[in-house]
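See structure below.
Chain letters run A, B, ... following the sequence lines, proteins first, then strands; residues in each count from 1.
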Protein chains: 2
Amino acid sequence: KAKVDALHPCDELKRIAKELDCEMTEKEFAKHMDNIDPLQSLRQDFYYPKMKEVLGTDLSLVDPDEDCVYFCGNSLGLCPKNTKKYMDVELNKWAKIGVQGHLQGEGMPWAKCDECLDADMAKLVGGRPGEVAIMNGLTVNLHLLLISFYRPTAKRHKIMCESKAFPSDHYTFQSQIKLHGFDPETSLLCVEPRKGEMTLRSEDILAKIEEEGESIAVICFSGVQYYTGQVMDMPTITRAGHAKGCYVGFDLAHAAGNVPLYLHDWDIDFACWCTYKYINSSAGCLACIFLHDKHKHNDFPKLLGWWGHNPNTRFNMDNELDLCPGAYGYRISNPAGLLCPPLKASLEIFNKTSMEEIRAKSKLLTAYLEYCIVEKYGQTNGIAEGTLEPIDGDFKHVHVHIFTPSDPEQRGAQLSLSFSVNISYVFKELEKRGVICDERKPSVIRVSPAPLYCSFQDVQRFMEYLDQALKAAAITAALDKE
Amino acid sequence: KAKVDALHPCDELKRIAKELDCEMTEKEFAKHMDNIDPLQSLRQDFYYPKMKEVLGTDLSLVDPDEDCVYFCGNSLGLCPKNTKKYMDVELNKWAKIGVQGHLQGEGMPWAKCDECLDADMAKLVGGRPGEVAIMNGLTVNLHLLLISFYRPTAKRHKIMCESKAFPSDHYTFQSQIKLHGFDPETSLLCVEPRKGEMTLRSEDILAKIEEEGESIAVICFSGVQYYTGQVMDMPTITRAGHAKGCYVGFDLAHAAGNVPLYLHDWDIDFACWCTYKYINSSAGCLACIFLHDKHKHNDFPKLLGWWGHNPNTRFNMDNELDLCPGAYGYRISNPAGLLCPPLKASLEIFNKTSMEEIRAKSKLLTAYLEYCIVEKYGQTNGIAEGTLEPIDGDFKHVHVHIFTPSDPEQRGAQLSLSFSVNISYVFKELEKRGVICDERKPSVIRVSPAPLYCSFQDVQRFMEYLDQALKAAAITAALDKE
Ligand SMILES: Cc1ncc(COP(=O)(O)O)c(C=O)c1O
Ligand SMILES: Cc1ncc(COP(=O)(O)O)c(C=O)c1O
């Protein structure tokens, strides 16, 4: 297994193709890969949408009874089949025993429903018991953590992040800076890719930390960048930040459930993530925080609430705060009982495997997707977004550019694609063929074969539909121009 | 109708009893009251738990097939029957179309599920369009509002609240004060009831505002106090606070859906509330904020997120904040799609009536409960909590003290009871008889006949079980002592 991991996943795929004596782009190959996929059966644990159900599909172009191609787990994960069962348990409990369900009855006692799940959640991110709490939305959590970790002084007042951070994070940083009377113009330090490049180089981040570290209070990058799909070198950035006396945290929205994380061992100070993407917990479901054990007994400023109070004495109601140590101390409001069922259903699926096993499949799956795209449409990295000239109507010259790093260590499941035709056309044509992915302005289509429920044959089907879609898009674009 | 309202609800009950020529404590009376109750049919819109389902019931003491006595709507409202139907719509949508459900499909598009409900929510509290947003948990929202409204200066640095505020609010005030470098010892001003009294007098609050107003940044009381059930005089406190240049807000956890509120007309600056009590939305479900229109375009500090961004341009992802005016600008994270179904189911029931109609019934119902208790167990107000001597075992001398104001304008549905026997015994014996209410340390049992689903006959049954429970509790207490 160690040997296999050492190979570039594409070489591994080539090795297997050679053994099979077939081309990687052939159906037979994809079928074989699915047959030997140890996670193959997990797809059955999810509702995988059908062609005839998803909207915008032209049913004359596809088989209505086939599965759609769901490459959108980076945005919203699929529904675990057990969700409804667990939800019904909670709804029936409410119907039958009302308020008693806080502590009694079947399912998860609402007063502790988050606590029922956080050990499993901690496993996904390499957190120790007590380092993870499940609460609120992601951006809310980022604020709560920054209230503790961002305490700017005249000398050390900056927040460092990537340029083009996810908008919500960007606004979070700006408003935190303003809250303390500083100016985002001078206190928000956004590291930019080099000219003509789309992704950040670790060396540039480290150089910036070296240069500006003394004035930086908090370094907060995405674990996986939403737009480019790049995985940041979290342990290295953390070490460099700590060497300069900065706190280092990560937004793991696109990392949690996607790539293995070792937050404790990496010595990361804090992190937060949502669970509706690769963790399949439903739209806007509960988010999480990680607080490193070394900060367990911190006396940083916090926005406090009764849910951070020691549960054993919480209902004494004497207004004497007995704060939980660690992540639990950051909980504020009581948790939503009806958000835990989907989370439980999803975590149970993760419990059948491990992030390492998921990652092994994911590397092969995404490398396969990359290989097929590059084989067919030409270019990998090396050219900047937007530099492609649209050659409308001339299908032979349509090309697709992947600007996610081709180094498998620097990416998760997602590939970010730009096209020599307008993406709105491409997106529309993909949709007609039941390919669910997402469009992100200004010019990217993100495709993510999530390894828990996507297959190598999905990649095959995607390629077929992409080919049709590009042809159709090129024609539409040409017609529109006339 | 105006005439009826002008009567003390207890006089109204007496008038009806006289017409009927029966005692108010007789079954016939309660039956009649239910028959003429215009909200009578709404009970059918909820799952009202059965004796045989609720836990801790001794089925030899009650009829297993009867409804329990659910007097706990102040803590967790009952489950609206349509919840499951609406939940299934969302779960099926997720299963069938995945991420497309954000904007398409049946039910509520997840990206706007809160917006589908906030006009109905605003009606419950007297908010105008744009003044109410549905988001997060209650205490989280209180923090977000205080980030805007509590901006202490050396001269004006205090937060005024009631003594024995709900713990979460108390910790919120303390931590906000500390966040700004002030000391809760000197900056948190808790107004205490007079010696020997349990509830606050408006005149004392007003005197305190007059006295300390210049040093107060924010006045934040409960609309209805969780422990005593007292309704605060919100418009008067607001006027007095404004006259001294303070911002005035309210925690409406126990007020929303319980008493009519006119937040806009009362000129209240801000408010927040949860929806799982009288609004029946399930444990820990979404909370709300109210921001008065006059603050619609404020430039106060805020903790910002992408959900506060103009929805029409939110997905441009250009990191140029185009903040929604009003309450929407306080939204941070995307809303939970699976929390809106129960809220929708509950608001639909409210839409069949009005807060005024609900209040009219509630006044009669709670007055009826008060009348029955006072008739049987002696004392109303006038003595302080804890001054009753336990006369264990001597049932003739068991008495029950109601320390919620007897003025119907100064209370909602809830009555807070203390007893001359240990409440743990009483609570246990009530539970055996299927009476669901709640115990709040140190010494209160709160009973709330929520007018949407509780009946006059429930009050009757409650009285029967209370009588049995007190007898049993007195005996157990005596035995335990021996
Ligand atoms: C008056 C009051 N404030 C705050 C809260 C805390 O609510 P949450 O846990 O939703 O923040 C409650 C909960 O019962 C409450 O009654
Ligand atoms: C990187 C990143 N940060 C923050 C968010 C915002 O999440 P929420 O709306 O749960 O706060 C997202 C949502 O997609 C995200 O991808």
Side-chain angles (χ1 to χ4, degrees), chain A residues 47 49 53-55 70 72 75-76 78-79 83-84 87 91 94-102 104-105 110 136-140 143 164 167-168 170-172 175 178-179 282-285 301-306 309 315-317 319 321 332-339 342 436 440-441, chain B residues 47 49 53-55 70 72 75-76 78-79 83-84 87 91 94-102 104-105 110 136-140 143 164 167-168 170-172 175 178-179 282-285 301-306 309 315-317 319 321 332-339 342 436 440-441:
Chain A
Y47 289 111
E53 305 285 4
V54 295
L55 304 168
Y70 198 81
C72 208
S75 179
L76 188 79
L78 289 181
C79 179
T83 300
K84 200 168 137 54
M87 185 65 88
L91 290 177
W94 183 20
K96 288 192 169 165
I97 64 172
V99 71
Q100 293 182 327
H102 275 305
Q104 301 174 79
W110 302 317
N136 310 316
L138 165 52
T139 312
V140 173
H143 274 296
K164 300 201 187 150
S168 208
H170 195 82
Y171 307 143
T172 298
S175 59
K178 283 194 196 162
L179 181 69
S282 79
C285 192
K302 288 186 195 76
L303 301 185
L304 296 171
W306 71 325
H309 191 287
F315 283 88
N316 289 355
M317 311 299 245
N319 289 359
L321 182 65
I332 294 179
S333 289
N334 77 99
L338 299 185
L339 291 184
I436 314 290
R440 275 283 172 266
K441 302 254 166 91
Chain B
Y47 289 110
E53 305 285 4
V54 294
L55 303 167
Y70 198 81
C72 209
S75 179
L76 188 80
L78 289 181
C79 178
T83 300
K84 199 169 139 50
M87 185 65 88
L91 290 177
W94 184 19
K96 289 193 169 164
I97 64 172
V99 70
Q100 293 182 327
H102 275 305
Q104 301 174 79
W110 303 317
N136 311 315
L138 165 53
T139 311
V140 173
H143 274 296
K164 300 202 187 148
S168 208
H170 194 83
Y171 307 144
T172 298
S175 59
K178 283 194 197 162
L179 181 69
S282 80
C285 192
K302 287 186 195 75
L303 301 184
L304 297 171
W306 72 324
H309 192 287
F315 284 88
N316 289 355
M317 310 300 244
N319 290 358
L321 183 65
I332 295 179
S333 290
N334 78 98
L338 299 185
L339 292 184
I436 313 291
R440 274 286 172 266
K441 302 253 168 91

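- Ranked by heavy-atom pairs under 4.5 Å with chain B, the list A/Cys285, A/Ala283, A/Gly337 is led by A/Ala283.
- A/Asn319 touches chain B through backbone and side chain together, each having a heavy atom under 4.5 Å away.
- Crowding of B/Lys302 atom NZ: a count of heavy atoms from other residues, nucleotides or ligands under 6.0 Å exceeding 12.
- A donor-acceptor pair is defined here as one N or O able to donate and one able to accept, closer than 3.5 Å; no such pair exists between the side chain of B/Thr139 and the backbone of A/Ser333.
- Of the atoms belonging to A/Ile436, it is side-chain heavy atoms, and not backbone ones, that fall under 4.5 Å from chain B.
- Per-residue counts of heavy-atom pairs under 4.5 Å with chain B were compared for A/Leu303, A/Val54, A/Asn136; the largest is that of A/Leu303.
- Interface remark: A/Tyr70 contributes side-chain atoms only to the contact with chain B (heavy atom separation under 4.5 Å).
- Nearest heavy-atom pair, B/Ala95 versus A/Pro49, reported as atom, atom and distance to 0.1 Å: O-CG, 3.8 Å.
- Between chain B and the options A/Gly137, A/Gly101, A/Gly105, A/Ser75, the largest number of non-hydrogen pairs under 4.5 Å is found for A/Gly137.
- Comparing A/Leu55, A/Asn334, A/Leu76 by heavy-atom pairs within less than 4.5 Å of chain B, the highest count is held by A/Leu55.
- The most heavy-atom pairs under 4.5 Å with chain A, out of B/Ile97, B/Leu78, B/Val99, come from B/Val99.
- Residue A/Lys84 holds its NZ atom at 10.0 Å from CE of B/Met87, rounded to the nearest 0.5 Å.
- Of the listed residues (A/Leu91, A/Leu321, A/Leu138), the greatest number of heavy-atom pairs within a distance under 4.5 Å of chain B belongs to A/Leu321.
- For the set A/Tyr171, A/Trp110, A/Tyr47, the count of heavy-atom pairs under 4.5 angstrom toward chain B peaks at A/Tyr171.
- The side-chain contact (heavy atoms from CB on, under 4.5 Å) search around A/Pro301 returns A/Ile147, A/Arg151, B/Leu179, not counting sequence neighbours.
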side-chain contact (heavy atoms from CB on, under 4.5 Å) between B/Leu304 and A/Lys178, worked out: CA-CA 11 Å; B/Leu304 297 171; A/Lys178 283 194 196 162; 5.9 Å; no
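- Side-chain contact between A/Val140 and B/Ile332 is present, with at least one heavy-atom pair separated by less than 4.5 Å.
- Among B/Ser168, B/Gly305, B/Cys72, B/Pro342, the residue making the largest number of heavy-atom pairs under 4.5 Å with chain A is B/Ser168.
- Rounding to the nearest 0.5 Å gives a distance of 4.0 Å between CG of B/Leu339 and CG of A/Leu339.
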